[in-house]
Amino acid sequence: LVASAGDPTIRLRPDRVVRAAWTPDGPATLDIRVAGERRFTAVATGPGEAWALEHAPDLLGRGDDLTGFEPSQHRMVARATHARPGLRLVRSGRVEDLLVPTILAQRVTSQEAARSWTRIVKAWGHPAPGPIPLRLPPRPEELAARPYWEFHRLGVERSRATRIATACRHLEVLQTAVDADPATARDTLVERLAQVPGIGPWTTALVARVAAGDPDTIEVGDYNVKDHIVHALTGAPRGSDAQMVDLLAPFAGHRGRVIRLVTSVVPRPPRFGPRHRIVPVDQQ
């Protein structure tokens, strides 16, 4: 949900988050503050304020189900769980929030993707409701109608611009998957994302994890995650997607949760060689 510290759609503080987004009822700005131990207060403004307030608990992990999660199966997972006991996986309920920022990150570093997202929101977005000067992202139909060369001026090459436009045209059918029964939302969303040109397993995993709140998705094809997980669980400096999947098998049902825990606590593996552009498996 956060592209970078400079993301113009959100403002983060240690005890507060203010977020501007589109809801089914229109734009809304949601202001969530810490009010005590695992207690929060939320205020919303804009036409979509009722929807934003109704779903605010999901953004705080209300629906995250830890049933079946056994961190003791690996000492590093147990250590990470002990270090982050309050970590919960969120459910935004909106594919629109994730789709474009994730596609922007397909072939570049996270810093490059964040810069492009910030430029897009500042150039084509809309003022958010409320007193805090945030920006709403452009609507999917607005992005789908823009020619690729307009994206190029904002640091997005033709291939990603085309994928964004194509995905935005499929957004309605993708959103209906999330709006369906939560028990089947993840599987339906993954199935439909796989049918969209330019959307592969890496993009699908990241969108499904947050939009549908799925704790089991694995971002196969990520340049860094496989090394991070293999290093944390075996000590090896590098690893493969196949090794990562095997190591996470005992945590089936919560493999995505383990990735979030481990990567947020355990140091990255040592880096070797020159830096270069990142190309997820989706687009290789």
Side-chain angles (χ1 to χ4, degrees), residues 1-23 27-46 48-49 51-64 80 83-105 108-138 154-155 206-207 209-213 215 219 224-225 228 256-257 259-268:
L1 292 174
V2 184
S4 70
D7 187 336
T9 68
I10 196 165
R11 184 169 295 178
L12 293 171
R13 298 291 185 270
D15 61 348
R16 181 185 184 190
V17 56
V18 187
R19 177 174 177 262
W22 295 97
T23 79
T29 298
L30 179 64
D31 187 344
I32 299 176
R33 304 188 188 209
V34 176
E37 184 68 24
R38 298 193 179 185
R39 295 184 60 201
F40 304 87
T41 61
V43 177
T45 55
E49 64 178 64
W51 190 96
L53 287 173
E54 178 185 353
H55 292 83
D58 290 330
L59 290 176
L60 298 168
R62 173 185 61 178
D64 189 22
R84 297 289 304 277
L87 185 143
R88 294 292 182 270
L89 300 184
V90 306
R91 184 181 191 274
S92 76
R94 300 290 292 168
V95 178
E96 182 175 346
D97 296 337
L98 287 304
L99 197 58
V100 174
T102 306
I103 293 173
L104 285 173
V108 299
T109 64
S110 57
Q111 292 86 353
E112 290 177 272
R115 282 195 294 269
S116 294
W117 173 246
T118 297
R119 291 168 183 159
I120 286 172
V121 174
K122 288 184 175 179
W124 302 333
H126 309 272
I132 297 176
L134 296 178
R135 299 280 290 175
L136 291 157
L154 303 179
L206 296 180
V207 172
R209 178 179 297 167
V210 180
E219 47 263 61
N224 294 304
V225 169
H228 203 153
R257 184 188 311 283
I259 290 174
R260 285 285 292 112
L261 282 165
V262 170
T263 55
S264 67
V265 173
V266 182
R268 291 174 178 268

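Starting from 1, each residue takes its place in the sequence as its number.
Taking every heavy atom of both residues into account, Ala56 and Leu30 meet most closely at CB-CD2, 3.9 Å. Of all the heavy atoms in Gly48 and Thr23, the pair that sits closest is CA-OG1, 3.4 Å. Nearest heavy-atom pair, Ala42 versus Leu53, reported as atom, atom and distance to 0.1 Å: O-CD2, 3.6 Å. Between Asp97 and Ala21, the shortest heavy-atom contact is OD1-CB, 4.2 Å. Across Ala211 and Arg94, no two heavy atoms sit closer than the pair CB-O, 4.1 Å. Between Pro27 and Leu136, the shortest heavy-atom contact is CB-CD1, 3.4 Å.
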| Leu134 and Thr9: CA distance, side-chain angles, deciding distance, side chain to side chain contact (heavy atoms under 4.5 Å, CB included) verdict | CA-CA 5 Å; Leu134 296 178; Thr9 68; over 6 Å; no
| query | Which is it for Arg33 and Asp31 under the side chain to side chain contact (heavy atoms under 4.5 Å, CB included) test, yes or no, and what are the steps along the way? | reply | CA-CA 7 Å; Arg33 304 188 188 209; Asp31 187 344; 3.6 Å; yes
| query | How far apart are the C-alpha atoms of Ser92 and Leu59, what are their side-chain angles, what is the distance that settles it, and do they pass the side chain to side chain contact (heavy atoms under 4.5 Å, CB included) test? | reply | CA-CA 6 Å; Ser92 76; Leu59 290 176; 4.2 Å; yes
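Distance CG/Leu60 to CZ/Arg39: 13.5 Å, rounded to 0.5 Å. To the nearest 0.5 Å, atoms CZ (Arg268) and CG (Asn224) are separated by 5.0 Å. In this structure, Thr41 OG1 and Arg16 CZ are separated by 9.5 Å, a value rounded to the nearest 0.5 Å. Separating the CD atom in Glu219 from the OG1 atom in Thr263 is a distance of 7.5 Å, to the nearest 0.5 Å. Considering OG1 of Thr45 and CD of Glu49, their distance stands at 7.0 Å, rounded to 0.5 Å. Rounding to the nearest 0.5 Å gives a distance of 8.5 Å between CG of Leu206 and CG of Leu98.
In this structure a side-chain-to-backbone donor-acceptor pair under 3.5 Å is missing from Asp15 to Val34. Put simply, the side chain of Thr29 gets close to the backbone of Pro129: a donor and an acceptor are under 3.5 Å apart. A donor-acceptor pair under 3.5 Å is formed between the side chain of Trp22 and the backbone N or O of Pro137. A donor-acceptor contact shorter than 3.5 Å is absent between the side chain of His55 and the backbone of Arg91. The backbone N or O of Gly125 lies less than 3.5 Å from a partner atom in the side chain of Arg135, making a donor-acceptor pair.
Contact check for Val108 versus Arg115: no side-chain heavy atoms found under the 4.5 Å cut-off.
Applying the salt bridge (charged side-chain N to carboxylate O under 4.0 Å, His left out) rule to Arg260 yields no partners; only residues at least two apart in sequence or on another chain are considered.
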